[in-house]
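Just so we're on the same page: letters track the sequence lines, and every chain starts at 1.
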Amino acid sequence: MIISVASGKGGTGKTLVSTSLALSLKDDYDVTIADCDVEEPNDHIFLKPQITGNEPVNIQVPVVAEEKCTFCGKCAKVCAFNAIAVFGNHVLTFPQLCHGCGACSYLCPEKAITEEDRHIGVVEWGDAKGIEFVQGILTVGEAMAPPVIRQVKERACGEGIIIRDAPPGTSCPVVETIRDSDFCLLLTEPTPFGLNDLTLAVETVKELGIPFGVVINRTGAGDAGVEDYCKKEKIPVLMRIPLDTEIARIYSRGIALVDGMPGWKSRFVQLFKDIKEIADERTDSVKR
Amino acid sequence: MKIAITATGTTLENDVDARFGRCPYFIIVEPDTMEYEYIDNAGIQAGGGAGIAAAQMVVGKGAEAVLTGSCGPNAYNVLSPAGIKVFTGVAGNIRDVIEDYKEGRFKESAQANVSSHHGKG
């Protein structure tokens, strides 16, 4: 079962919930955690894994043999990302913009375009106290997270429970992370910003057809907007985490919530039961 | 000799747009006769590589110089090998700017004057 933990707004507790959920379930299930926030992976801070392996992430970018090129411009025309420019007797490639689709080399009538690997990141894996740990790291300065995320997902393909910690926002990296999940938890906070970004995230998961529920972090602060919205839209609120100095103190030291405050473990186990119930309901209704 | 000017509108009475890749229009003008046409900037719709798309269009129009506010590295790397002179830091009413250009008041840029994505958002 794949559970993605996402949020529109950043800083709402994706990592807090992902790590504590994994730690709460690891004694009873095979648990894999996949840190898909490849621009800033941070699950490792709380899980302190032993890294046992890694592999590079490459994408294929075009190399043009100018002596074969007739400057017909077909490659530039087909490129959706303007990563290749043809003018006069010049052809220029912009590898940083290339998404590696291969259309230019496929369509080149002169077969003047070959492809070479461009290194954009790395996937690492290991063991964290019995949790199978996988994370992706996008090289600083690179723009394209999805190829790294895809490779993280390929590596984190265990039989048991897979928890994917998504990047914030609702753009391509988030869609890549959550697209084939069985359930998506949406983190938010009870503020106008939290509500605005939650509504965007809800639209995204609805478009993808993924069952979802909300966790509200830092309750007791802010306003009632998020609660009212969830009630109106009939979105289940599966957990509320209060604004609490002790939680903040533990977390700021790099200690997972359930490690620092073990009383929370039963609540995360219950959270998983609620998630499973909603996801199973969906599977049953699809079967029917 | 035609020049291309990044423009906020479609006539010589509009202003120079500060952005190269994401300006709404280019005015292509023959400074000696002041005959001109406007073209929609293909780059404005691009998810990425706006400057590259816009630069290819300007090259295709046969312009020999570009007057604009800012030009990023990717656009400059297309314009420069194509032999197009790039003048940055240009602002104000387009008709006035053309007069200034004819009198040689602008200095050609030897490199991009802003980083990538400067004029986006």
Side-chain angles (χ1 to χ4, degrees), chain A residues 10 39 59 61-64 66 69-104 107-108 113 118 120 138-147 168-176 197 200, chain B residues 1-4 6 19-24 26 28 39-66 68 70-86 110-112 114-121:
Chain A
E39 288 175 73
I59 62 163
V61 300
V63 180
V64 184
E66 288 222 25
C69 180
T70 59
F71 309 100
C72 71
K74 272 191 184 147
C75 53
K77 204 170 265 177
V78 74
C79 182
F81 306 100
N82 296 311
I84 190 157
V86 179
F87 49 94
N89 284 339
H90 295 277
V91 51
L92 286 178
T93 60
F94 296 85
Q96 295 267 357
L97 298 177
C98 176
H99 284 224
C101 74
C104 55
L107 288 174
C108 177
I113 301 178
R118 198 167 81 80
I120 61 164
L138 182 69
T139 304
V140 172
E142 291 295 336
M144 257 188 307
T170 50
S171 63
C172 295
V174 177
V175 172
E176 184 58 55
D197 292 359
L200 298 176
Chain B
M1 175 184 138
K2 286 194 283 191
I3 61 172
T6 56
R19 303 157 301 174
F20 179 79
R22 295 195 185 269
C23 67
F26 286 99
I28 310 288
I39 47 174
D40 294 323
N41 177 14
I44 202 164
Q45 298 290 345
I52 297 165
Q56 283 187 97
M57 205 167 67
V58 167
V59 175
K61 280 286 166 186
E64 290 174 46
V66 166
T68 185
S70 313
C71 180
N74 288 342
Y76 190 85
N77 285 341
V78 173
L79 295 171
S80 177
I84 297 178
K85 295 191 177 97
V86 181
Q111 61 191 45
V114 291
S115 60
S116 291
H117 304 133
H118 179 82
K120 194 177 175 185

Hey, are the side chains of A/I84 and B/I52 touching, using non-hydrogen atoms and a 4.5 Å cut-off?
no
Chain A contact via B/V78 - which portion, at a heavy-atom distance below 4.5 Å:
both
Heavy-atom cut-off 4.5 Å, strictly under: side chain, backbone, both or neither for A/A76 against chain B?
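Side chain only.
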Contacting moiety of A/F94, where chain B heavy atoms sit under 4.5 Å
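For A/F94, side-chain heavy atoms alone lie under 4.5 Å from chain B.
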Quick check - list every chain A-chain B donor-acceptor pair under 3.5 angstrom, one line each.
from, atom 1, to, atom 2, distance (Å)
A/N82, ND2, B/G48, O, 3.1
A/N82, ND2, B/G49, O, 3.2
A/V86, N, B/Q56, OE1, 2.9
A/H90, NE2, B/P81, O, 3.1

Among B/G83, B/P81, B/A53, B/A82, single out the residue with the greatest number of heavy-atom pairs under 4.5 Å to chain A.
B/P81
Straight-line distance of A/F87 CZ to B/L79 CG, nearest 0.5 Å
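The distance works out to 8.0 Å.
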Contacts of type side chain to side chain contact (heavy atoms under 4.5 Å, CB included), residue A/L200, not counting sequence neighbours
A/T170, A/N196, A/D197
